[in-house]
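Step one of this worksheet: look at the structure below.
All values reported here derive from a predicted model rather than from experimental measurement. The chains referred to below are lettered A, B, ... by the order of the sequence lines, with proteins before strands, and numbering in each begins at 1.
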Amino acid sequence: MHNIVFAVIARDLRLALRRPADIASAVFFFVIVVSLFPLGIGPEVDLLRKLAPGVLWVAALLATMLSLPRLFADDHRDGTLEQLALAPHPLGLVVTGKVIAHWLISGLPLALIAPVLGIQFDLTADALLVLTGAILLGTPALSGIGAIGAALTLGLRGGGVLLSLLVLPLYIPVLIFGAGAVDATVSGLGGEGHLSLLAAMTIAAIGFAPWASAAALKIALE
Amino acid sequence: MHNIVFAVIARDLRLALRRPADIASAVFFFVIVVSLFPLGIGPEVDLLRKLAPGVLWVAALLATMLSLPRLFADDHRDGTLEQLALAPHPLGLVVTGKVIAHWLISGLPLALIAPVLGIQFDLTADALLVLTGAILLGTPALSGIGAIGAALTLGLRGGGVLLSLLVLPLYIPVLIFGAGAVDATVSGLGGEGHLSLLAAMTIAAIGFAPWASAAALKIALE
Amino acid sequence: MTDRFNLYHYASPATFYPLAGRLIPWFAALAAIFGLIGLYIGMLVAPTDFQQGEGYRIIFIHVPASWMSMFIYLVMAFWAAIGLAFNTRLSGMMARALAPTGALMAFLSLWTGALWGKPMWGTWWVWDARLTSELILLFLYIGYMALVAAIDDPRRGDKAGGLLLLVGVVNVPIIYFSVKWWNTLHQGSSVNLAKSSMAEVMLWAMLLVALSFWMYSIAVAFARVRTLILERERNADWVKAELAGDRP
Amino acid sequence: MLEADNLECVRGERRLFAGLGFKLEAGELLYLQGRNGAGKTSLLRMLIGLLPPETGEIRWRGEPIRALGDEFRAELCYLGHLNAIKEELTPLENLLAAARLAATDLSEDAALDALEQVGLAGREDLACKYLSQGQKRRVALARLVVDRRALWILDEPFVALDVAAVDWLAGIISAHLQRGGLAVMTTHQPVDIPAGTVRQLRLGA
Amino acid sequence: MLEADNLECVRGERRLFAGLGFKLEAGELLYLQGRNGAGKTSLLRMLIGLLPPETGEIRWRGEPIRALGDEFRAELCYLGHLNAIKEELTPLENLLAAARLAATDLSEDAALDALEQVGLAGREDLACKYLSQGQKRRVALARLVVDRRALWILDEPFVALDVAAVDWLAGIISAHLQRGGLAVMTTHQPVDIPAGTVRQLRLGA
Ligand code: HEM
Ligand SMILES: Nc1ncnc2c1ncn2[C@@H]1O[C@H](COP(=O)(O)OP(=O)(O)OP(=O)(O)O)[C@@H](O)[C@H]1O
Ligand SMILES: Nc1ncnc2c1ncn2[C@@H]1O[C@H](COP(=O)(O)OP(=O)(O)OP(=O)(O)O)[C@@H](O)[C@H]1O
Ligand SMILES: [Mg+2]
Ligand SMILES: [Mg+2]
């Protein structure tokens, strides 16, 4: 039963490794967007420290979102998705595998690089720790929710922009609690409450999103 | 000779109108990103007013960038690009047409909606005027530079993220002078200098970018 | 006519490979010698600056690294132009081989600059024209490497990468003249051919380190070019012979 | 084994066919004919359960396929207009991944053997994007060599193949029928399937 | 008129062919044959100037095509594996847009007439994404009906067409040859071109 989940993860990771530029570029995108803000806003250190959580989270959101359109599109275009839908196991499991692979490729590297960027914004060690934790906890939810959006917009031309339109509003809670956790730590209130909410969202998203996405995929395939 | 430019513009606009969700979504994306920041950063009005130019410009950049991957990809996938390359006129003219159409679809609507968003950030009438002017002047350069990136990454899987990696650094000057113009107006220095630099960049980009893109397209078609 | 022939002769990977192999040790040795002397003068001989204290000595890395980062980009753009115009095989490989060194130099320039900025300007980083354009240079290097890595067909990769190099070349004069065109925090140019405002020892130290970086870049670029040649021509007879160890 | 009853297909405002029914037993091939746009592909997509018919029902071993779900799909092998191969992976990797995802067993040796049979010996390790149109189709067809599922649904399998490959594929389909398999196939090229019972069904006026 | 001289094609590390040459005069058809992966598509892409040959030269009316550039392309009509139609546009819009972009004149009446000839009457105003595989191919082929350029390069034009459409297309190609046109074509299906001189060229061992 769970073989299929691992088979999908293995295949997606292999495909990603076949073009390592992909993984690297998502991280670079994150880095670049984070560095853009100071550019537009100016160099005051105090101001920057205040912005840091918001900017980092928005950048993580955008980096995740940018990789979403291809989550199912490649498989759709070359006919693999059809074959996956015809395989003798629930499509939801296949999607679970794809969501996990997506997180490993896009979410995890962001969490690993985030503290380095945080240093440049002059965040304290505590805040950095919470930032990393929050991104680790929150990005799986981003991948899960994103999968629903990607499935719903599959095959629609202009899907990329439509997708962000659907997905961004749903990302807002993650953004608020994610940035909130860091903010709370910086101001000495402790971010645990925010973090546990993030964890709850992630568990809900991972459990529920694949099945919603699977239903959407079946509609797209008709 | 210039017929071909108009023919391309007419076709691309017709295609865009066939799926109006596209144009609307770019604008919505812009609106959503701009509204995300106050969420991640908090509600202080003074702070927000300071952020406004940077945030608006970064959002405009990202909205433009998001629509870039499809600039040539659709034509490439269905074989139209080959036919365009085989037509008996310079490919650079074709690309000029596509860049203009791209701007009409993605840049122009942003400039029209930007002042409305600026009001929410409490900008003065002067600053709003300069903001609109700057976006009007700067976005053609974004489309032009973007075309080069789109052409270079055409057909590469994972091109979307690689594309942003190539294009975002080149967008930085536009961002700096665009946001700088508004900043200068807000602080009473006058934004004319920045605006004329923006105009120069746009002229250079529109004149030069289509030919560089055409060369890149020929490489991609080999 | 013979000139032309010679050029093509050395532009052929089969002749360039052994030539580069013979030259590498020389360049490496020169790099070490110049570097040691330069750093010796810079760190021990040059006087302490009355304004900046010992911290200013970072200049002996910072300035040569900044120069090299721009110069290497120009050289890559030159090779790109040759490659696109004459379709020579070696040019693309030269550009590829130089890129990591260029990125390293740009990174060094930014890093040492930032280190220096903290004591001097009270901040690691400001978004002024020179600093920004140097950062763009680093991103251009990275973008170039990512682009050529993403294209499997090496010839196509060379062409696409070459185009990117040529497009990005506008950035180099911007870096160089930014201090003149905009009023920035960053210091203006103080070394020029006619007269130098710097103390002579300092100038010497800096030039020696710059020479050392130069030799180093050539040596590593040649080493990389050799592996690239082997990889690309692995089916050519001469490479097979080379790998089998038949060649003296 | 496979029965269709009173099927109706409506695309947009066009009724492509109605009242269509057939019965197919073990060892039989249904050869679907009809001009371009007659609704052949649409019918096939109904048979595999991806397109719900307007009216009517499709049964496999007597049960409606919607009710069977995974049980039906475990016996089904579909080959569509699209090849369902990944351009970045090599033919070998593609074949192995497809087998794993379809939950069928396939050893590496068997896969290599299948690739040799479809004439891709020497190209097992070249990424599929470098293959020619016909070679890509052959990678997709290699799945059939090792496939032992009962029902094959093939949408224009002969497209892009050269003459030798067409003959070879016809042989593979024959062998499948002789093993007691069923197949539904469309093609515009006249092809001779040497064994098994061939039933014809012509769509459209 | 069209001459190729000592062409060599290398893809990756594989030499597909070398020393290939031919001459084609007005009214002649070059029928390119070869198994899958022999290099037919690659050769066609060389002839249209999109793929630079490793060595050798291609001449049109005695001049190298690289030197001719737009002049050569003004006389060239290429139909590849891909249909080059926009899924969102209707067949009519597609045909008109293609003509404008190729800088050839085409009135709406002529376009409608062409669509009727390819059997798409009644579907002129349906977005192409709703068309069947074969109908999409027919939209692409409609360009040939009105095309009067001298050199046609056709890569497997018969794919996905039903029997009636295959005959029709063979007739269209014949008419082109009789008008004094040239054509280079590949196909794996045996097709009979009634008029004009047919020369054969077989690639690969
Ligand atoms: C990350 C920050 C920095 C970057 C990217 C940077 C970049 C550069 C570049 C590209 C050059 C060579 C250009 C030329 O020769 O005209 C250069 C030279 C130089 N930099 Fe920086 N720099 C940075 C920070 C600093 C700081 C903080 C100082 C000291 C206050 C400094 C002092 C100098 C000096 C003295 C030169 C030599 C100028 C000359 O003699 O021509 N730089 N820098
Ligand atoms: N929305 C729609 N409105 C009208 N007609 C439609 C619509 N969608 C599909 N069709 C028609 O439905 C048919 C689809 O046919 P299908 O793809 O099943 O044909 P086919 O028999 O497989 O043809 P081919 O031999 O060309 O592959 C086409 O005739 C198409 O024009
Ligand atoms: N990078 C590469 N390395 C090795 N071989 C390659 C590479 N790229 C392409 N090829 C080979 O080049 C050939 C391309 O052939 P082409 O597409 O021209 O064939 P074709 O004659 O049109 O075949 P078909 O009848 O299948 O359409 C294939 O055999 C393919 O395997
Ligand atoms: Mg069909
Ligand atoms: Mg072919």
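Counting heavy-atom pairs closer than 4.5 Å to chain E, the top-ranked of the candidates D/Leu161, D/Leu126, D/Val163 is D/Leu161. Residue with the most contacts toward chain D among E/Ala165, E/Ala160, E/Gly39, E/Pro190: E/Ala160 (heavy-atom pairs, distance under 4.5 Å).
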Record all donor-acceptor atom pairs with a distance under 3.5 Å between chain E and chain D; write none if the list is empty.
from: E/Asn36; atom 1: N; to: D/Asp162; atom 2: OD2; distance (Å): 2.8
from: E/Asn36; atom 1: OD1; to: D/Arg138; atom 2: NE; distance (Å): 2.9
from: E/Asn36; atom 1: OD1; to: D/Arg138; atom 2: NH2; distance (Å): 3.1
from: E/Asn36; atom 1: OD1; to: D/Asp162; atom 2: N; distance (Å): 3.2
from: E/Asn36; atom 1: ND2; to: D/Ala160; atom 2: O; distance (Å): 2.8
from: E/Gly37; atom 1: N; to: D/Ser132; atom 2: OG; distance (Å): 3.1
from: E/Ser132; atom 1: OG; to: D/Gly37; atom 2: N; distance (Å): 3.1
from: E/Arg138; atom 1: NE; to: D/Asn36; atom 2: OD1; distance (Å): 2.9
from: E/Arg138; atom 1: NH2; to: D/Asn36; atom 2: OD1; distance (Å): 3.1
from: E/Ala160; atom 1: O; to: D/Asn36; atom 2: ND2; distance (Å): 2.8
from: E/Asp162; atom 1: N; to: D/Asn36; atom 2: OD1; distance (Å): 3.2
from: E/Asp162; atom 1: OD2; to: D/Asn36; atom 2: N; distance (Å): 2.8

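The stretch residues 82-128 of chain D participates, sequence neighbours left out, in no ring-ring contact (aromatic ring centres under 6.0 Å, His included) pair at all.
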